[in-house]
Amino acid sequence: MTASTTFNTHFKQYLETVQVKGNAVPTGLQELLVAVADTCMTLSHEVAQGALIGLLGSAGTGNVQGEVQQKLDVIANDLLIEGVKGCQSLAGLASEEMELPVAVQGTGDYLLLFDPLDGSSNIDVNVSIGTIFSVLKKQDPAAPLQTTDFLLSGRHQVAAGYVVYGPQTTMALTLGDGVVMFTLNRVTSEFVLIKESVEIAHATKEFSINMSNMRHWAEPVRRYVDECLAGVGGERDKDFNMRWIASMVADVHRVLSRGGIFMYPWDQREPHKPGKLRLMYEANPMSFLVEQAGGASTNGDQLIMDLIPTDLHERVSVMLGSKEEIERLQRYHA
Ligand code: P6P
């Protein structure tokens, strides 16, 4: 992506001027991404109000994942559908919160997938949460929408990003030619460019995993974490730090911002499930961002973006971040 002046480049203007591998961003994709950004701006305001507008706690309903939906989950899902329904190039959308995809225009170049509010178990305790989105190129734009249209590998993504609702509301975005970040200016209601060419350091001293599951991990993961814990004098001969926010968007934002490795691997608690996180609207968009920032993302055996999905809501084991660490984990899994 060519350089733009930071701090005074607004999102819409950025999309109009940025060159992606020498090409302008198609206007249909610009329109879609602006609609997503505008919706996330509204959602940022809702999230910040929390209990003040009765949004904490459960909506009393369940989603396709069998998870209790938080009120904000449902609001986020509805806001995103409403926010993009006017996009002329959007054939359809799929969400973690809905079993089946929803046709928008029915035909068109793009498919939008999202986790409208990831980390929602953190809503009630005021910990950062976020929206994750992925845009796929529809293989046959003129054909009426079908669920199978969405079952494309992560390599077919033309855009992906997240918006983290934390002390700042910050968006990370890739269009396939690097990663940029924008922070919401709440006074002017604009996402403003704050960082271009986001790079993940190839080495790190920080790992991120839910340690309470240690006894359930597969051997390669157990070996990797044990070596991190052994510190100086052990196999790695350096001390590691550990972080676990239990909000993928916040944990991945830290990895993109200062390096590290994030893991939610398969474990034997539910051995029939490949992992907890979903491939299509969590692992794939985050993997696109991480690869574009010079990192790597694997399920232990394959790069996540090479996986061919068979179900819209399928789960996957996720290990992503600093390249050298992922390569080590891949060796341990081999
Ligand atoms: P655990 C949030 O519910 C989520 O889907 C991810 O955002 C997060 O990384 C993970 O689950 C946390 O899971 O088992 O540590 O609560």
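Read the numbers this way: they start at 1 and go in the same order the structure lists the ligands and their atoms.
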Return yes if a side-chain donor-acceptor contact under 3.5 Å exists between S128 and S247, otherwise no. no
for atom 7 (O) of ligand 1, nearest protein heavy atom and its distance come out as D118 OD2, 2.5 Å
Centroid-to-centroid, F114 to Y281, below 6.0 Å? no
Which word best sums up how the rings of W244 and F262 line up, parallel for under 30°, tilted for 30 to 60°, or perpendicular for over 60°? parallel
What protein heavy atom sits nearest atom 2 (C) of ligand 1, and how far off is it? G119 CA, 3.6 Å
N210 heavy atoms, cut-off 4.0 Å: which ligand 1 atoms fall inside? 1 (P), 14 (O), 15 (O)
Sub-3.5 Å N/O-N/O distance, W244 and ligand 1: yes
Those atoms of ligand 1 less than 4.0 Å from some heavy atom in S247: 7 (O)
Starting from atom 14 (O) of ligand 1, find the nearest protein heavy-atom neighbour and note its residue, name and distance. Y264 OH, 2.7 Å
According to salt bridge (charged side-chain N to carboxylate O under 4.0 Å, His left out), does anything in residues 236-248 pair up with another residue at least two apart or in another chain? List the pairs. R236-E325
To the nearest 0.1 Å, how far is atom 9 (O) of ligand 1 from its closest protein heavy atom, and which atom is that? M248 N, 3.4 Å
Assess whether a salt bridge exists between D226 and R223, defined as any Lys/Arg side-chain N lying under 4.0 Å from an Asp/Glu carboxylate O. no
Taking the six-membered ring for Trp and the full ring for Phe, Tyr or His, determine whether the centres of F191 and H10 are under 6.0 Å apart. no
Do K276 and ligand 1 have an N or O pair less than 3.5 Å apart? yes
